[in-house]
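Proteins get letters first, then strands, A, B, ... in listed order; numbering begins at 1 in each. In this text the structure is predicted, and so the values were computed from the model without any measurement.
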Amino acid sequence: MKGGAEGYGVGRSVRRKEDDRYMRGKGEYVGDIRLAGMRELAFVRSPLAHARIGNIRKPAGHEDRVFVAADLIGVKPIVANSGLPGFKSSAQPILAHDKVRHVGEAIAACVAATRAEAEDLAAAVEVDFEELPAVVDMLAARMPGAPLVHEHWGDNVFLESRVEADLSEIRRTAPVVVRRTLRTARQCMSPLEGRGVVALYDRRLDQIVLHTATQIPHIIRTGLAGCLGVSEENVRIVAPDVGGGFGYKGMLLSEEVCAAFLARHLGYPVRWLEDRREQLSGNANCREHHYDIMAYADRDGRLIALDAAATVDTGAYSIYPFSACLESAQVASILPGPYKFDAYRCITWSSATNKPGLVPYRGVARAGVCYAMETMIDAIAHAVNKEPYEVRLRNLVQPEDMPFDNITKKHFDSGDYPECLRRVVEAIDLPAIRRKQKDSADASVRIGVGFSIFCEQGAHGTSVYYGWGIPMVPGFEQAVARLTPDGGLELRVGIQSHGQGLETTLAQIANEVLGIPVERIRVVHGDTAVTPYSTGTWGSRCIVMAGGAVATACRELGQRIARIGAHLLQVPSGNVQVGKGLVSSGVASVRIEEVARTWYLRPQELPKDVDPGGLEVTSGYKTVRDTGTFSYAAHAVVVSVDTEMGDVRILDYALCEDGGVLINPMIVDGQVCGGVAQGIGTALYEEMPFDDHGQPLATTLADYMLPGATEVPMLRIDHMQTPSPYTAFGQKGIGEGGAIGPPAAIANAVNDALRPLGAEINQLPITPHRVLEALAASRLKVSA
Amino acid sequence: MKPAVFSLEQPVSVAQLMQSGEGRIVAGGQSLGPMLNFRVAQPSHVISIAQIREFSLVEETEDAVIIGACVTHAAIADGRVPDIGKGILPAIAQGIAYRAVRNRGTIGGSLCHADPAADWLCTMTALGAAVLTLRPDGGRTIPLTTFVLGPFRNALQPGEIVQAVRVPKASPEARWGYYKACRKPGEFAHAMAAVFLDPARDIHRAVIGAVGGAPIVLEGSDVRIESAERALLQSGLDEIGRIMQLAALRRAMEQAA
Ligand SMILES: Cc1cc2nc3c(=O)[nH]c(=O)nc-3n(C[C@H](O)[C@H](O)[C@H](O)COP(=O)(O)OP(=O)(O)OC[C@H]3O[C@@H](n4cnc5c(N)ncnc54)[C@H](O)[C@@H]3O)c2cc1C
């Protein structure tokens with residue numbers, strides 16, 4: 001942490017400005033918005049995973065309050081194509097008409113004074129279905145003869161991609177070969193606040209105003225205008241306080257389009273608040289991967305080659321804007337992890353199935369990829385009879401290699417990966433655990449230790465994204481810095497802050513540049529009417545991109561302040577400095593407040609050559625290279641496994657992460673903790689199972705298990721701070737990292753505990769049932 | 001997830017209750033509430049018995065404690081109700097759900113709801129408890145072993161409600177054990193077993209709950225793993241489910257040993 005007299009700039013654990021309202025229950029969420037004449041929406045949703053829709057009968061006497069596809073005149077489906085060769089396009093209807101492709105898909109919208117009455121109406125709508133066989137499993141979906149989600153495709157593959165390499169020589173000669181097939185569960189992203197919209201039509205401005213719980217207001221405006229067939233100036237998106245996102249709020253919803261249309265059509269505001277059942281059983285999911293991987297190594301455990309086939313269960317529709325390609329494209333490009341090796345082959349498929357679409361969730365594909373790669377590293381370690389951490393050390397990119405271009409051309413910007421791993425090996429006290437394991441070899445509750453290490457690309461920009469050809473490509477990030485007449489500072493940014501603490505960290509950055517007190521700095525975000533265009537909050541990009549933009553805009557503003565200040569001080573403008581809230585020249589100084597008053601209220605005192613742009617600056621920012629920052633972390637965990645009941649408990653958890661220069665270390669720790677909680681969910685709890693007909697089986701939080709306070713241990717967090725050479729302050733994106741490491745580390749720990757019993761689990765989450773199943777299978781093997 | 005329309009009546013005495021019409025009883029609402037919201041239950045009339053004073057009373061006799069149907073899990077957990085001995089009732093109540101649910105959920109509601117994985121269902125069966133019912137023509141006593149007919153099905157007749165639960169007191173020498181396996185503290189159990197040994201009263205009983213239907217009761221010399229194994233084969237649980245149940249039983253037996 002930074003020393004010095006002023007305690008609010010970069011590197012200080014400043015208390016979060018936004019917490020005053022969050023902690024007191026005074027946030028303003030979509031659900032808090034009340035508008036005169038507002039009505040509620042409820043949707044008729046498909047009870048079937050795959051069916052042709054026949055007649056839809058509206059309840060008699062209520063025809064004008066029930067809307068089906070044919071009533072949405074001029075509305076186009078949501079299309080999110082990728083430019084990658086061979087990508088097959090899907091059209092997600094706003095209301096399904098010819099066919100439903102997953103349970104929960106909206107078929108009709110019902111409007112009433114209260115939600116309960118809207119649900120009464122929805123229950124009275126009759127829909128004739130002709131049920132079709134459903135395709136539920138992503139591997140079965142690829143088989144010839146599988147039912148087709150989109151008939152005209154001829155198969156169920158959104159995209160197949162290949163990273164090719166000739167491995168024939170290696171196959172013949174590699175001394176060590178290990179193979180694993182692995183599966184991760186379909187998860188439901190579960191922010192505390194679900195999705196929700198309040199839509200109204202502003203006649204004066206001829207503008208649809210959509211208040212929506214989103215991470216990406218500007219992208220929603222672009223997408224929504226396209227679906228409604230209106231110009232973007234006729235749409236305003238407002239994201240008020242948003243109760244967590246994690247990717248779930250990084251997509252355009254059919255409900256958003258429908259509500260926006262209805263508000264204009266009906267002339268009164270309408271509201272839809274997603275309930276837990278809709279969230280769990282109807283809207284997009286995440287994370288579902290399957291891997292079949294072979295790793296080739298030498299007898300020391302040095303990785304020679306990786307040969308992988310990966311499938312992503314992408315569900316029925318390509319979701320806007322990230323599309324059905326992003327997850328699998330990520331898998332192929334990041335599977336090699338933080339390791340250095342020379343031969344890599346990877347085939348990926350994005351399967352279409354009769355399930356809701358799939359969107360990137362905190363860490364995007366990385367949680368699954370890290371789990372897969374780190375399982376392989378452990379497998380190699382056991383094949384060569386070494387400690388898994390030793391095999392990791394042998395294969396990691398070394399600090400002297402940095403910056404390093406890996407086998408998939410990822411440009412690792414900086415860091416010392418081996419040191420990071422060594423720190424957690426020490427923190428967890430590996431020798432002590434190995435001793436304990438020996439002493440308790442016969443116990444029914446066994447302990448195990450596991451490690452994982454990964455790097456996380458954040459703030460990747462144009463050069464990375466345009467290649468995927470999806471509807472959204474990040475370019476320059478802009479910020480507005482505007483001095484108020486009484487010397488306060490307004491920052492306007494196009495990202496959205498929903499738990500990341502950006503109202504504080506961006507203020508810290510402005511404080512670092514201008515010295516204006518943090519409490520006089522207001523960060524305005526989430527409203528397309530008043531903020532510059534941005535692709536929004538995703539991909540661990542905000543502190544780098546919005547932070548860089550704020551710094552750039554503040555520096556430019558500083559120059560304008562300096563010029564006026566110098567004039568007031570009667571010194572040449574080259575002789576002044578701006579900082580600590582002052583313009584100073586030697587011992588003489590004038591407060592920024594005075595400068596602001598002069599510009600706004602006493603223009604007669606301004607210098608002749610004053611910048612007519614005044615004290616309001618919009619400026620754009622890109623990192624020195626746009627290949628992204630690479631933060632990284634190592635996780636170490638000790639678990640106990642009850643071999644009679646199958647329960648897994650986390651006994652100790654230590655991690656070390658390098659986020660470059662930390663703008664606010666306290667907030668970083670918070671991000672890491674929250675991410676780890678979600679990673680524990682991926683590892684041990686969260687799973688949305690479907691039956692053979694595509695019915696979701698965990699439609700309440702009694703069945704969909706989320707980790708809670710009793711499941712998340714105290715974490716021991718260590719930091720390294722290797723500056724990124726490419727960012728404004730050396731900061732790196734770390735928003736997602738916490739969620740990436742736990743599944744791999746915990747699975748390795750469980751398997752470490754089970755190994756003496758000959759059992760191994762290769763599927764997430766590791767439930768008591770799966771633990772006992774693996775043990776039963778190993779007993780069968782032994783007795784056979 | 002909003003309930004369909006219904007009317008609500010809130011009698012404050014048994015006398016008033018007897019005047020009220022036909023309707024679905026709600027006590028703590030911790031099971032019925034979600035069912036209403038999901039519209040799994042769509043009663044047109046609901047009668048809340050939570051305000052009826054008589055149903056929150058507890059009476060202690062020489063050999064039993066009679067707990068009003070509307071006594072909450074929290075009241076029992078906090079020891080605001082006389083125990084039957086050995087600290088059994090508070091220990092069990094403390095492990096039910098979360099505090100917020102315990103504050104409202106009632107012992108009567110839990111038994112009537114007859115969720116196979118409910119704590120009271122399993123433990124009250126082990127303790128040899130019975131429900132005391134109320135109906136226009138008087139009432140009756142139904143031992144728990146015959147009260148639960150199957151999952152979410154009880155032996156009450158239309159218009160009959162549970163007014164109290166009679167739990168026999170344990171002898172000073174009695175021993176008991178209770179083990180339940182949950183994914184998280186407060187979640188419903190996926191395996192549970194209660195063992196109650198009270199030789200002075202000639203009781204040797206083990207009960208396995210969360211089996212999908214009425215609990216499995218093992219008496220006397222059948223309080224053994226082998227008997228449980230046999231009984232579980234009939235339960236419809238898969239092999240892993242049976243392994244878990246046996247492990248839970250073993251642990252409950254160890255506690256009671
Ligand atoms: C999140 C959550 C977790 C839970 N976890 C557990 C757990 O771990 N273990 C556990 O055992 N339980 C658990 N429960 C259930 C809880 O214990 C409920 O309190 C209990 O099942 C029902 O009691 P109630 O008073 O709320 O009944 P209500 O919901 O009011 O009623 C339930 C049913 O019983 C009927 N009924 C109620 N009282 C009477 C009466 N006196 N006579 C006739 N019929 C009556 C009602 O008509 C209804 O059909 C959980 C509940 C929730 C919401």
_Side chain / backbone / both / neither for P3(B) at chain A, heavy atoms under 4.5 Å_ = backbone
_Atom group of E773(A) that falls short of 4.5 Å from chain B, counting heavy atoms_ = both
_Can you confirm whether or not the ring centre of F6(B) sits under 6.0 Å from the ring centre of H45(B)?_
no
*Kindly say whether A77(B) contributes a backbone atom to a donor-acceptor pair with the side chain of R80(B) at under 3.5 angstrom?*
no
*Is there a donor-acceptor contact under 3.5 Å from the side chain of E274(A) to the main chain of R195(A)?*
yes
*asked:* Using a 4.5 angstrom heavy-atom cutoff, name the option from R276(A), R115(A), E711(A) with the most pairs to chain B.
replied: E711(A)
*Using only heavy-atom distances, determine whether the side chains of D119(B) and H73(B) contain a donor-acceptor pair under 3.5 Å.*
no
*Selection from D275(A), L775(A), T699(A) maximising heavy-atom pairs under 4.5 Å formed with chain B*: D275(A)
*Per-residue contact mode, L684(A) against chain B (heavy atom under 4.5 angstrom)*: backbone
*asked:* Any side-chain to backbone donor/acceptor pair from Q30(B) onto G105(B)? Under 3.5 Å, distance only.
replied: no
*Relative to chain A, which segment of Y179(B) carries a heavy atom at a distance below 4.5 Å: side chain, backbone, both, or neither?*
side chain
